[in-house]
Amino acid sequence: MSSAAQPPTIPLLTPYKLGNFNLSHRIVLAPLTRQRSYNNVPQPHAILYYSQRASNGGLLIAEATGVSDTAQGYPHTPGIWTKEQVEAWKPIVDAVHAKGGVFFCQIWHVGRVSNSGYQPNGQAPISSTNKPIRLNGIDDSEFTPPRRLRTDEIPQIVNDFRLAARNSIEAGFDGVEIHGAHGYLLDQFLKDHVNDRTYQYGGSLENRCRLPLEVVEAVANEIGADKVGIRLSPFADYMDSRDSNPKELGLYMANAMNKYGIVYCHMVEPRMKTAGEKAETHQSLLPMRKSFHGTFIAAGGYDREDGNSVVAEGRADLIAYGRIFLANPDLPKRFELNAPLNKYNRETFYIPDPVIGYTDYPFLEATT
């Protein structure tokens, strides 16, 4: 008698070993700015938000979290440079761990988008007139004109990332993701369109990559390379930060990071040149995936079908989901059942309400 036919394997729902962490599936919560951390302090409502999206053996990456008081560029984004912030993160992390989740904190400095006005180059700032600009695509925010970051200030930036990583581990996070993407400070140094420095931290590809790699080294030395990832977007043009040879940039960084042995590289697909919309492109992350020795996470407009394809074909180990995970707290379960997805509402992505557009997206009804 033949045995019953086995259901087809769903690549996204196969187990994976991320360094020392055993994942039960390959669906990752992407870091998503939600602007609900009043006065830069994580709030109790984040306990429910993150625990809703946690699953046993699932990887979550926390929203971008400031490394210092000069790193901030958006209202109500969390930080991790003070004792109060560290203590506020602890129950949030505990709630994710209680459901068996693995939780990394994304640490960032927004650079020339910052209220502090840092800018790594001498070009005209994004807004030199102090008029409101649409920073997150939803609301208008004002900030002071940026200034060039002095070379003698750079060691302090590196140290801020190092201390933020230490604080993240104290808060209970399993590791940190260094934000080197999307037009923020480290990406501003990487991209030749925006970095016009001529020595040490600019000019050559090696020099432009120097600061991000100094941060990687400092953070890895502080908490252990097995607890460190990085997010990069070499092909993107967020906030006027683009590069003339993004493939070369991505390959250089992928190879350079091997020296430090960090656990993962999280890279944004070339099709996501700007926020929110896919574009046709012949470019691929495959060369970077082949060059990097650790876990490779891909992000950028994925759905269930193409996420499964990428994993099945070995083009990435894990897939990060943003908007649809925001709107579907039980996304792994929905993918398992191939169930319909809730539609996300852009208008509530960045509002400060502690419930609406945050923890009120419905779960699948319990099945019997």
Side-chain angles (χ1 to χ4, degrees), residues 6-32 50-63 96-97 99-106 173-177 181 226-233 254 257 262-272 278 284-339 341-342 344 363-364:
Q6 296 295 313
T9 299
I10 302 171
L12 282 168
L13 296 174
T14 55
Y16 180 80
K17 189 166 178 61
L18 172 69
N20 297 321
F21 307 104
N22 294 311
L23 304 184
S24 63
H25 60 79
R26 300 170 186 243
I27 301 161
V28 179
L29 175 68
L32 298 166
Y50 282 109
S51 65
Q52 282 180 334
R53 286 153 186 81
S55 57
N56 188 32
L59 173 62
L60 279 64
I61 307 171
E63 61 207 275
V96 170
H97 285 160
K99 292 186 70 175
V102 177
F103 205 9
F104 273 51
C105 183
Q106 189 191 65
F173 283 102
D174 298 295
V176 301
E177 176 178 287
D226 59 330
K227 302 179 185 69
V228 180
I230 190 170
R231 194 179 213 206
L232 299 169
S233 58
M257 289 184 301
I262 63 173
V263 70
Y264 74 72
C265 175
H266 179 186
M267 203 168 281
V268 179
E269 283 283 357
R271 63 189 178 187
M272 305 302 289
K278 297 182 189 178
S284 166
L285 295 181
L286 191 57
M288 282 64 81
R289 191 268 192 277
K290 290 180 175 178
S291 296
F292 182 66
H293 296 166
T295 293
F296 196 84
I297 305 176
Y302 279 101
D303 57 20
R304 181 181 186 270
E305 181 180 2
D306 59 4
N308 277 321
S309 295
V310 165
V311 170
E313 294 165 10
R315 289 184 281 142
D317 300 303
L318 308 172
I319 305 295
Y321 289 89
R323 290 164 289 174
I324 63 172
F325 213 153
L326 177 158
N328 296 273
D330 51 356
L331 188 65
K333 174 61 68 175
R334 288 177 190 258
F335 276 6
E336 179 185 353
L337 301 175
N338 201 14
L341 300 181
N342 299 323
Y344 54 80
F363 287 73
L364 280 170

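The chain is numbered in sequence order, starting from 1.
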Novice: Determine the minimum heavy-atom distance between Ile262 and Val228, stating which atoms define it.
Specialist: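 The answer is CB-O, 3.2 Å.
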Novice: Tell me every residue that passes side chain to side chain donor-acceptor pair (under 3.5 Å) with Tyr264, counting only those two or more places apart in sequence or in another chain.
Specialist: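 In terms of side chain to side chain donor-acceptor pair (under 3.5 Å), with neighbours along the sequence ignored, Tyr264 is linked to Glu177.
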Novice: Is there a side-chain contact between Asn22 and Lys17 (heavy atoms, below 4.5 Å)?
Specialist: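 Of all side-chain heavy-atom pairs linking Lys17 with Asn22, at least one is under 4.5 Å.
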Novice: Please name all residues satisfying side chain to side chain donor-acceptor pair (under 3.5 Å) with Asp330, sequence neighbours left out, ordered by chain then number.
Specialist: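 Listed in chain order: Arg334.
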Novice: Over all heavy atoms of both residues, which pair between Cys265 and Met267 is shortest? Give the atoms and the distance, please.
Specialist: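 Taking Cys265 first and Met267 second, the nearest heavy atoms are SG-CE, 3.7 Å.
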Novice: Heavy-atom distance under 4.5 Å between the side chains of Glu269 and Tyr302, does that happen here?
Specialist: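 SC-SC contact between Glu269 and Tyr302 confirmed.
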Novice: Can you check whether His266 reaches Ile61 side chain to side chain, under 4.5 Å on heavy atoms?
Specialist: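 A side-chain contact exists here, since the closest heavy-atom pair is under 4.5 Å.
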Novice: Which residues pass the ring-ring contact (aromatic ring centres under 6.0 Å, His included) test with Phe21, sequence neighbours left out?
Specialist: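 For Phe21 the ring-ring contact (aromatic ring centres under 6.0 Å, His included) partners, ignoring immediate neighbours, are Phe104.
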Novice: Of all residues at least two apart in sequence or in a different chain, which pass the side chain to side chain contact (heavy atoms under 4.5 Å, CB included) check with Ala30?
Specialist: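 Expected list: Arg231, Ala320.
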Novice: With sequence neighbours excluded, tell me which residues meet salt bridge (Lys or Arg N to Asp or Glu O under 4.0 Å) with Glu305.
Specialist: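 Listed in chain order: nothing, the list is empty.
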Novice: Below 4.5 Å, heavy atoms only, C-beta onward: do Tyr16 and Thr295 meet side chain to side chain?
Specialist: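 Side-chain contact under 4.5 Å: yes.
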Novice: With a 4.5 Å limit on heavy-atom distance, are the side chains of Leu341 and Leu331 in contact?
Specialist: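 Yes, side chains in contact.
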Novice: Of all residues at least two apart in sequence or in a different chain, which pass the side chain to side chain contact (heavy atoms under 4.5 Å, CB included) check with Ala254?
Specialist: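 Listed in chain order: Met288, Ser291, Phe292.
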Novice: Going by the angle between their ring planes, with limits at 30° and 60°, are Phe103 and Tyr50 parallel, tilted or perpendicular?
Specialist: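 Answer is tilted, since the angle falls between 30° and 60°.
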Novice: Which pair of non-hydrogen atoms, one from Arg304 and one from Asn338, has the smallest distance, and what is that distance?
Specialist: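 In terms of heavy atoms, the two residues are closest at CD-OD1, 3.5 Å.
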Novice: Verify, without hydrogens or angle tests, whether Asp306 (side chain) and Ser309 (backbone) share a donor-acceptor contact under 3.5 angstrom.
Specialist: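 Between the backbone of Ser309 and the side chain of Asp306 there is no qualifying donor-acceptor contact (under 3.5 Å).
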Novice: For His25, check side chain to side chain donor-acceptor pair (under 3.5 Å) against everything at least two apart and list the hits.
Specialist: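 If we apply the side chain to side chain donor-acceptor pair (under 3.5 Å) test to His25, skipping adjacent residues, the hits are Ser55.
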Novice: What residues, two or more places apart in sequence or in another chain, satisfy salt bridge (Lys or Arg N to Asp or Glu O under 4.0 Å) together with Lys333?
Specialist: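 Glu336.
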Novice: Taking side chain to side chain donor-acceptor pair (under 3.5 Å) as the definition, give me every residue that meets it alongside Thr14, ordered by chain and number, with sequence neighbours left out.
Specialist: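 Side chain to side chain donor-acceptor pair (under 3.5 Å) check on Thr14 returns Arg26.
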Novice: Taking all heavy atoms of Pro332 and all of Ile27, pick out the closest pair and write down the distance.
Specialist: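 Looks like CA-CD1, 3.7 Å.
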Novice: Could you list the residues that satisfy ring-ring contact (aromatic ring centres under 6.0 Å, His included) with Phe325, not counting sequence neighbours?
Specialist: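 Once residues adjacent in sequence are excluded, Phe325 has no partner under the ring-ring contact (aromatic ring centres under 6.0 Å, His included) criterion.
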Novice: Is a side-chain N or O of Ser24 found less than 3.5 angstrom from the main chain of Asn56, in a donor-acceptor match?
Specialist: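 Indeed, once roles are kept as given, a pair shorter than 3.5 Å links the two residues.
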Novice: Nearest heavy-atom pair of Val263 and Gly229: which atoms, and what distance?
Specialist: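 So the two residues come closest at CG1-N, 4.4 Å.
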Novice: What is the distance from atom CG of Leu12 to atom CG of Leu318, rounded to the nearest 0.5 Å?
Specialist: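 The CG atom of Leu318 is 9.5 Å from CG of Leu12, to the nearest 0.5 Å.
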Novice: Distance from Asp174 atom CG to Asp226 atom CG, nearest 0.5 Å?
Specialist: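 Reported to 0.5 Å precision, the distance equals 10.5 Å.
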Novice: Say you draw a straight line from CD1 of Ile324 to CG of Asp303; how long is it, rounded to the nearest 0.5 Å?
Specialist: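 Between atom CD1 of Ile324 and atom CG of Asp303 there are 7.0 Å.
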Novice: Once rounded to the nearest 0.5 Å, what's the spacing between atom CG of Asn308 and atom CD of Glu313?
Specialist: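 The CD atom of Glu313 is 10.5 Å from CG of Asn308, to the nearest 0.5 Å.
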Novice: Shortest non-hydrogen contact from Ser51 to Val96?
Specialist: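 Residues Ser51 and Val96, closest heavy atoms: N-CG2, 4.4 Å.
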Novice: Can you tell if the side chain of Pro329 reaches within under 4.5 Å of the side chain of Arg53, non-hydrogen atoms only?
Specialist: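 Of all side-chain heavy-atom pairs linking Arg53 with Pro329, at least one is under 4.5 Å.
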Novice: Using side-chain heavy atoms (C-beta onward) and a distance below 4.5 Å, is Arg289 in contact with Asp317?
Specialist: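 Yes - at least one pair of side-chain heavy atoms lies under 4.5 Å apart.
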Novice: Got a sec, which residues hit side chain to side chain contact (heavy atoms under 4.5 Å, CB included) with His293, two or more places apart in sequence or on another chain?
Specialist: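 Testing His293 for side chain to side chain contact (heavy atoms under 4.5 Å, CB included), a comparison that skips the adjacent residues, returns Asn258.
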Novice: When you measure from the side chain of Asn342 to the backbone of Asn328, do you find a donor-acceptor pair of N or O atoms at a distance under 3.5 Å?
Specialist: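 Such a contact is absent between Asn342 side chain and Asn328 backbone.
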